[in-house]
Amino acid sequence: MPREKIDRITAEHRWFLDQFNYHILVCAGLGCPGNDDILRALGQTVRNRQLTDEVLIRKVGCMGLCSAGPLVLIRPGDLMYQKVQPEDAEEIIASLGKKPVERLLLSPDLAFFTRQHKNVLRLSGRIDPESLPDYLVAGGYQALLQALFAMQPTDILRCIQESGLRGRGGAGYPTGLKWSTVARAQGSPKYLICNADEGDPGAFMDRSLLESTPYAILEGMTVAAYAVGASEGFIYVRAEYPLAVQRLKRAIRDAEQNNLLGHSICGSNLNFRVQIRLGAGAFVCGEETALIRSIEGRRGLPRPRPPYPAEKGLRGRPTLINNVETYANIPSVITNGPEWWARLGTDKSRGTKVFALTGTIRNTGLIEVPMGMPLREIVYDIGGGLPGGHALKAVQTGGPSGGCIPAALLDTPVTYESLNELGSIMGSGGMIVIDDSASMVDIVTYFMAFCRDESCGKCTPCRVGTAQIHNLLTKFQNRKATMADLEMLEWLCDLVRNTSLCGLGQSAPNPVLSALRFFRQEFLDCILTDQNHEEVRP
Amino acid sequence: MPADTQQKPVDRRWQRIIQTMLRHNNQSDALIETLHTVQETYGYLDPAVLAAVADRLGIPPARVFGVATFYNHFSLKPKGDHTLVICTGTACHVRGNDQILAWVKEQYHLTPGQTSADNRLSLVEARCVGACALAPVILCDGVLTGKKGYKETTAIIEEWLGHAS
Ligand SMILES: Cc1cc2nc3c(=O)[nH]c(=O)nc-3n(C[C@H](O)[C@H](O)[C@H](O)COP(=O)(O)O)c2cc1C
Ligand code: SF4
Ligand code: FES
């Protein structure tokens with residue numbers, strides 16, 4: 001019986017792991033470059049000291065605090081060492097069971113660690129991403145077994161619906177509702193897609209999840225396939241993430257070999273295959289209809305919705321499309337139950353959310369917090385505030401489709417609704433801290449150039465509008481704008497937002513409108529000085 | 001070109017491309033996957049190879065070129081001996097990669113997407129390589145450098161190009 005096989009692999013691997021007195025975990029993610037050398041140096045030292053029976057060295061996924069990397073974790077005791085270099089290997093190994101290496105030690109009491117609530121990231125940096133047995137020992141695939149053998153597809157749909165989980169890819173559409181639509185839709189086969197295109201430049205939640213816990217994503221997808229009746233799945237991942245692709249490929253292969261993917265999964269009647277499709281550097285392909293077209297081998301041009309992919313998606317068949325983090329949430333919702341999950345976060349924005357914290361902030365890296373946490377706590381407690389005497393100006397969320405939250409509104413809780421009210425969006429989780437030396441005009445010009453370059457050109461308002469808005473913004477940048485330009489800018493933003501076909505165009509004006517709302521004076525200051533300033537002030 | 005196309009079938013590299021297409025039963029939706037393999041094996045999308053791919057997948061050549069030009073990742077020109085990738089994602093932008101890019105443009109007389117006349121250096125602009133926590137990020141022949149300021153980063157580029165051969 002496959003279930004017994006899983007239990008056997010788990011027991012054997014646990015026995016193997018328990019043989020060692022010490023586990024040394026080294027981050028082997030993209031965010032800790034140079035980790036190969038550290039792994040090699042640690043391995044060599046352990047061999048030199050003939051400690052191979054006592055010390056196990058493992059490569060693991062991202063531990064989150066990338067700014068202090070390369071990170072190394074010693075278990076038991078959970079001692080975390082920062083900025084480790086290969087030269088430190090001797091000292092680290094010599095210290096095992098003795099006094100820790102103080103100069104490298106990161107305090108476990110750092111707010112960065114204590115204020116987080118890790119759910120999706122729970123196993124990230126704790127297990128070897130390329131080891132299925134590691135994932136099993138950590139409780140992996142229990143959700144799938146429970147789903148397959150103790151639940152009907154309708155039970156799962158109800159569970160996800162009751163949890164209140166909303167899509168983590170940006171729009172926050174209720175996941176349970178989407179799944180139910182696909183489950184009800186007529187047509188076969190049904191397809192399932194994992195959106196790992198991660199287009200927001202400056203965000204890396206999905207990359208980190210793919211690199212750190214690929215099996216959790218596959219498990220979530222497989223549960224979803226069972227719930228909606230899909231038989232074929234695709235992971236559409238950016239070609240810019242070669243390490244993530246490599247680990248995913250490996251995970252798919254191992255899952256297939258262990259009957260966790262493929263025909264009659266775990267002896268049940270579920271058949272589900274997963275294939276990888278590489279993106280090719282087009283932001284618009286993160287949009288679901290464009291993504292589907294890209295999987296079909298064509299240019300990634302969005303099409304009007306409805307029909308939604310849930311009804312007519314890939315090859316015209318019902319298709320479930322969710323974000324990486326959405327799928328990664330599924331196993332814990334199933335095993336812990338929807339009530340447990342719904343207790344996290346706020347009433348309408350439930351659960352936890354992963355954010356990529358970057359910009360002018362002391363602790364850059366990947367964090368996970370319950371939704372509803374005020375931005376101030378994220379920036380000053382978890383993020384450790386701004387370095388080098390800089391003052392905070394704004395926090396940008398949602399990337400080129402989002403907006404900024406000014407310092408004065410830092411007590412805003414991070415929820416879908418509160419960010420929308422301020423004209424920004426939750427987005428996929430990019431959070432960029434902007435300090436007082438930055439010009440908001442520059443930043444929005446940057447975003448508009450991005451949207452102009454990434455517009456697929458299918459509809460005129462977006463193709464021409466983003467270029468026009470960008471031209472106007474450069475006039476502001478060069479301090480050559482006029483009052484008429486400001487009016488034109490607002491008019492164009494409104495037009496592009498309301499008449500574009502897809503989300504790219506519709507949200508492209510967001511950064512500008514948000515900056516105009518909170519930092520209008522910066523735009524006014526860029527208006528030609530020979531104009532009458534009295535007239536300019538609103 | 002046709003002569004070239006005729007030759008491809010005996011080419012080892014072409015065999016890899018055939019394998020990719022076969023894995024997808026030579027279906028037209030294999031196009032993008034196939035283009036990835038072409039770029040991996042040849043380093044760029046060679047027009048003769050594209051024509052052969054179009055032929056084998058039964059897709060009009062115009063559509064193949066349409067797809068090849070739509071996606072930024074694909075390059076229709078061969079790369080130089082060395083490739084410098086500068087990330088221009090938001091996190092890297094606010095940490096000063098715009099200045100580093102400006103310096104490279106000026107120093108080496110290149111704009112992103114171009115290769116130097118002596119074929120030594122290709123400059124590539126990336127939309128974010130996912131190491132945003134280490135911003136500003138550059139990749140010298142695939143090796144990532146991050147968390148360094150303007151001075152250090154430009155010095156690293158100079159040294160790399162000085163040593164690289
Ligand atoms: C221009 C544009 C880019 C997008 N990029 C992404 C992306 O990179 N990743 C993603 O998951 N969703 C992206 N989306 C949202 C998807 O269209 C879709 O809503 C999402 O994948 C659904 O998954 P979810 O319900 O789990 O969030 C994008 C949307 C637009 C309009
Ligand atoms: S809004 Fe922009 S990206 Fe979307 S379909 Fe129109 S031109 Fe293309
Ligand atoms: S913005 Fe440069 S790596 Fe993400």
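Labels below follow one simple rule: chain letters A, B, ... track the order of the sequence lines, proteins then strands, and each chain is numbered from 1.
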Practice prompt. Would you mind telling me which of A/Gly430, A/Gly300, A/Gly457, A/Ser67 has the largest number of heavy-atom pairs within less than 4.5 Å of chain B?
Written response: A/Gly300

Fill in: Part of A/Ala203 lying under 4.5 Å from any heavy atom of chain B
backbone

Worksheet, complete the sentence: Shortest non-hydrogen pair, A/Leu301 vs B/Phe70, comes out as CD2-CE1, 3.8 Å

Fill in: Separation of A/Arg298 CZ from B/Ile59 CD1 (nearest 0.5 Å)
10.5 Å

Item to complete: Any chance you could lay out the side-chain contact (heavy atoms from CB on, under 4.5 Å) test for B/Leu144 and A/Leu30, step after step, and finish with the verdict?
Response: CA-CA 9 Å; B/Leu144 192 148; A/Leu30 178 76; 4.0 Å; yes

Fill in: A/Arg207 versus chain B, the contacting section by heavy-atom distance below 4.5 Å
side chain

Worksheet item: Between B/Asp29 and A/Arg315, is a side-chain contact (heavy atoms from CB on, under 4.5 Å) present by the stated rule, with each step listed?
Response: CA-CA 10 Å; B/Asp29 62 6; A/Arg315 299 168 192 155; 2.9 Å; yes

Discussion item. Among B/Leu31, B/Val94, B/Val129, which residue has the highest count of heavy-atom pairs closer than 4.5 Å to chain A?
Written reply: B/Val129

Worksheet entry | Under 3.5 Å donor-acceptor, B/His73 side chain and A/Ala282 backbone | no

Practice prompt. Provide the closest heavy-atom pair for B/Cys128 versus A/Pro201 in the form atom of the first, atom of the second, distance.
Written response: CB-CA, 3.7 Å

Worksheet item: Relative to chain A, which of B/Gly89, B/Ala30, B/Cys92 shows the most heavy atom pairs under 4.5 Å?
Response: B/Gly89

Response to the item:
B/Gly130 and A/Phe204 have their tightest heavy-atom pair at O-CB, 3.3 Å

Worksheet item: Where on B/Arg95 is there a heavy atom nearer than 4.5 Å to chain A: the side chain, the backbone, both, or neither?
Response: side chain

Worksheet item: Looking at B/Ile32, B/Thr69, B/Val67, which hits side chain to side chain contact (heavy atoms under 4.5 Å, CB included) with A/Arg299?
Response: B/Val67

Practice prompt. Would you give the length of the straight line joining atom CG of A/Asp453 to atom OG1 of B/Thr88, rounded to the nearest 0.5 angstrom?
Written response: 9.0 Å

Response to the item:
Rounded to the nearest 0.5 Å, the CD atom of A/Glu198 sits from the CZ atom of B/Arg127 at a distance of 15.0 Å

Discussion item. Can you tell me which portion of A/Thr358 sits under 4.5 Å from chain B's heavy atoms? Options are side chain, backbone, both or neither.
Written reply: side chain

Worksheet entry | Nearest heavy-atom neighbours spanning B/Lys147 and A/Cys66 | NZ-O, 3.9 Å

Item to complete: Check each atom of A/Leu366 against the heavy atoms of chain B and say whether the ones under 4.5 Å are side chain, backbone, both or neither.
Response: neither

Item to complete: Could you tell me the separation between the CG atom of A/Leu278 and the OG1 atom of B/Thr37, rounded to the nearest 0.5 Å?
Response: 8.5 Å

Worksheet entry | Approximate separation, where rounding is to 0.5 Å, of A/Phe447 CZ and B/Thr90 OG1 | 4.0 Å

Item to complete: Mind checking the CD-CD spacing from A/Gln275 to B/Glu33? Nearest 0.5 Å is all I need.
Response: 8.5 Å

Discussion item. If I measure from the heavy atoms of chain A, does B/Ala135 come under 4.5 Å with its side chain, its backbone, both, or neither?
Written reply: neither

Discussion item. Does A/Arg253, at its CZ atom, have more than 12 non-hydrogen atoms belonging to other residues, nucleotides or ligands within less than 6.0 Å?
Written reply: yes

Worksheet item: If you look at every heavy atom in B/Tyr71 and A/Ala280, which pair is closest and at what distance?
Response: CB-O, 3.2 Å

Worksheet item: Checking A/Ile361 against chain B: side chain, backbone, both or neither under 4.5 Å from a heavy atom?
Response: backbone

Practice prompt. Select one option (side chain, backbone, both, neither) describing which atoms of A/Ser208 are under 4.5 Å from chain B's heavy atoms.
Written response: neither

Fill in: Closest non-hydrogen atom pair between B/Leu134 and A/Gly31, with its separation
CD1-O, 3.4 Å

Fill in: Leading residue by heavy atom contact count with chain B [cutoff under 4.5 Å; candidates A/Ala356, A/Ser294, A/Ala438]
A/Ser294

